[in-house]
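Take this structure, written in structure tokens, and hold onto it; I'll ask about it next.
Residue numbering restarts at 1 for every chain, and letters A, B, ... go by the order of the sequence lines.
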Amino acid sequence: MNKHHYLLIIVGLVILLLLVFMLSLSWGSVRISMGEIYQALFANSNNSSQAIIIKKIRLPRAIGAFAAGAALAVAGLLLQVFFRNPIVDSFVLGNASGASLLVGLVMLAGFTFGASQLSSTLIFLAAFGGSLLVMLLVMGVAAKVDGVVTLLIIGLMVGYLCNAFNSFVIALSQKEQLSGFVMWGMGSLAGITLEQAAMMALIIVPFLAIIFLMSKSLNALLLGDNYARSLGIRTRSVRLLVIIVASLLSGIVTAVTGPIGFVGLAVPHTARLILGGSNNRYLIPLTILIGAIVTACCDLIARTILSPVELPLTAVTSLFGAPVVIYLLLRRQQQCRY
Amino acid sequence: MSLLKTVQLQVGYQGKPLIANINLELLKGKVTCILGPNGSGKTTILRSIANLLAPVSGSIFLNEQNLKQIPAAELARQMAVVLTERFPSDFMKVYDIVATGRYPYTNLLGKLSAHDQQLIDQAFALVNATHLKNNYFNELSDGEKQKVMLALALAQDTQVIVLDEPTNFLDLKHRSELMAILKRLSKEREISILMSLHDVELALKCCQNILVTKDDQLLQIDNDKELENGLIAELYRLQSADYNQLLGGIEFLNHEQERVFVVAGGGSGTPVYRLLTKEQIGFATGVIHQNDLDYQVANTMQVQLIAETAFEPISNATLELAKEQLQNYQFVIDTGFPAGNINRSNLDLILTAIQKGIKVISLRDPREGAELYGESQKIKYVVDYRELLSQIEILK
């Protein structure tokens, strides 16, 4: 693919992104026209019900979906480079499981002590704390072991451990308490506030920039640590940075939306297919855009297709993601002749 | 002029030295190789020199500067490596891989300047891989992959290139092509190349400076004499074959019970010897001049050999000895050797065999045979080695 071709694709994706943004604002239980959207966004003293729907519900969701999608996709890409394995995403490091565990514990404890409704801030803190704890654990191990596969297995095991504790928590919960937790565990952008969405975006964007600036080191890492070192890359610090950034990104997203599967796995591959290469300098912008578009589309589908019933986001992303991953695995099998 | 030098270097893992007292020197424009069997520590030495493994003790100097004190980015501009390790390469473009060679020179984002692109193109051209530029890496054959990794190292534009077993898994064509490229590069660009090899022939024929790993030492081979005295056989613990320095290769030993006597000379015996050894048929041979190719081959195979001094006519004593010996064998093979002034007596050996009633198989043209030996029932003419083999099977 030459430069012009690439730029054309980027421009196309940006247009698609804007289109999805407009659709996210327009579609839903109530159809809102473009004119009204403009009014709601830019006319200050507009307090019609449409304006409230736009400002309080749909705009935060659209921003949240973009930010979450971009962050999860890039975190997946980072981990794929880190583990030199195309079928990993932030779930393999046990981030989501750690978040779920702490959220579950907080919910159980909260209801046990008589709270009828838990504040979203508390859930946010629990989820973020959970993924941070797992990240610290995995990083502690990462500093000690050299083998990438070992680390991968440790991440998976930590995930299983958290899931086991999760099952205890669920078994101990009352039926009524359970549904909230189960819904949270399937990931959703419902109920996201503008503050949450804006905060998430503000944290994520600088990290996306940092990752883009790391693309050279990431490319070298694709050749393995020894080649990367012979090219003058400080592999240890780059690896540490990669793990920290990937964990932070997925931690933030999980804290706000609950675990969203498959975006981190399927989007980077889709981007590679489109790019026809894996040069991270070009791949990262593509991954960011496709991640944002896909996640926003999935959210749009989740809340409109069976409206007013809202589907869990992971159900929709999995519908998109699983076929992509299967296709890629089959393709990989054909190519792995050496 | 030496570009890289090691002083009392000890290499190994976890502080345990595997090879000690490494004092090697890489000269500008020369190809140096470390020769040794698999698992003898060649890779460990190379990894240490390439700064991928911390030495147990001792120091390495690159352009008179201690390797430890050279910053990583600067080192990448002075030394490139080609390793044996493979990486999962789905969706990786060959051009992108070679372009990483310019990373030590580019800015944070790795943007390639026109100069960078020119050096990358040059690297592709040097390894004859320009046509592979736009391929995916995992579509390539092993030989092509090796060329691409070499192109990456060349794009790094360094004075020293370290290659670990660059000829592994390569076929004859790619192996010789790769070595030719390396030889040419070292001379044209005045760079030093250090590589590990386990292929003795390649090492002796391509590398100007040879070191061998023996036990826990790295020995400098100063002249070819050292290789003649069974060093290679000892080094590789060869048991069923021996290395011949002049032949530049190995011959399998033949310690089978002798049943055939081969009358040969002028190189005509060599294919017959190899055929018999392959079929595990023991043989003796004579009379062979010491300056004959057949002498080298038979001698390396360690078969019974009646020899004559180089360029001297076969003496009567030697001929009598051969005639005596001849009678102990089931049959005689006449390789169709050219008969000249100094080895004409070998024809007498065939005649003696016929007289004594020993069956003779001859590779000679029957008409020529009739002229030399007269008509005889005892002699059987064969046209090629295959027919020779089937005759042997019958006689056995």
Exercise. B:Tyr136 vs B:Phe91 aromatic rings, parallel, tilted or perpendicular, using cut-offs 30° and 60°?
Worked result: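 B:Tyr136 vs B:Phe91 ring planes: perpendicular.
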Exercise. Would you call B:Arg189 and B:Leu154 a side-chain contact if the rule is heavy atoms closer than 4.5 Å?
Worked result: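 Side chain of B:Arg189 against side chain of B:Leu154, heavy atoms only: contact under 4.5 Å found.
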Exercise. So, for B:Arg102 and B:Leu112, which heavy atoms are closest and what is the spacing to 0.1 Å?
Worked result: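 Heavy atoms of B:Arg102 and B:Leu112 come nearest at CB-CD2, 3.9 Å.
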For this session: Answer with side chain, backbone, both or neither: which region of B:Val162 has an atom nearer than 4.5 Å to a non-hydrogen atom of chain A?
Result: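 Neither part.
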For this session: Would you mind telling me which of B:Val82, B:Ile97, B:Leu152, B:Asn134 has the largest number of heavy-atom pairs within less than 4.5 Å of chain A?
Result: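 It is B:Val82.
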For this session: Under 4.5 Å heavy-atom distance to chain A, tell me which part of B:Thr158 shows up: side chain, backbone, both or neither.
Result: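 No part of B:Thr158 comes within 4.5 Å of chain A.
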For this session: Go through the steps for B:Asp121 and B:Lys133 under the test salt bridge (charged side-chain N to carboxylate O under 4.0 Å, His left out), then give the verdict.
Result: CA-CA 9 Å; B:Asp121 289 343; B:Lys133 245 186 219 178; 2.9 Å; yes
For this session: Measure distances from B:Leu75 to the heavy atoms of chain A and classify the residue's part below 4.5 Å as side chain, backbone, both or neither.
Result: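 No part of it gets close to chain A.
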Exercise. For A:Phe82, is the NZ or CZ atom of A:Arg239 found under 6.0 angstrom from the centre of its six-membered ring and inside 45 degrees of the ring axis?
Worked result: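 Geometry flag: set, cation within 6.0 Å and 45°.
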For this session: Determine the option with the most heavy-atom pairs under 4.5 angstrom with chain A, choosing from B:Thr100, B:Leu83, B:Leu53.
Result: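 Winner by heavy-atom pair count: B:Leu83.
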Problem set entry | For chain A, which residues of residues 36-52 of chain B have heavy atoms nearer than 4.5 angstrom |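 Counting heavy atoms that sit under 4.5 Å from chain A, the residues of residues 36-52 of chain B involved are B:Arg47, B:Asn51, B:Leu52.
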Exercise. Quick one: what part of B:Met149 sits under 4.5 Å from any heavy atom of chain A, side chain, backbone, both or neither?
Worked result: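 When you check distances to chain A, only side chain atoms of B:Met149 fall under 4.5 Å.
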Exercise. Is there side-chain contact between B:Ile181 and B:Leu185, with heavy atoms separated by less than 4.5 Å?
Worked result: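 They are in side-chain contact.
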Exercise. Looking at B:Lys147, B:Arg184, B:Lys183, which one forms a salt bridge (Lys or Arg N to Asp or Glu O under 4.0 Å) with B:Glu177?
Worked result: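 Option passing the salt bridge (Lys or Arg N to Asp or Glu O under 4.0 Å) with B:Glu177: B:Lys147.
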For this session: Run the salt-bridge test on B:Arg77 and B:Glu74 with the 4.0 Å N-O cut-off and return the result as yes or no.
Result: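 Yes.
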Exercise. Under 6.0 Å from the six-membered ring centre of B:Phe137 and within 45° of its axis: does the NZ or CZ of B:Lys93 meet both?
Worked result: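 Not satisfied by the 6.0 Å and 45° rule.
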Problem set entry | From A:Asn280 atom CG to A:Leu78 atom CG, the distance as rounded to the nearest 0.5 Å |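 Those atoms lie 8.5 Å apart.
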Exercise. Non-hydrogen atoms of chain A under 4.5 Å away: do they reach the side chain of B:Glu85, the backbone, both or neither?
Worked result: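 Contact with chain A: backbone and side chain both.
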Problem set entry | Region of A:Arg272 in contact with chain B, defined by heavy-atom distances below 4.5 Å |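 Both parts, backbone and side chain.
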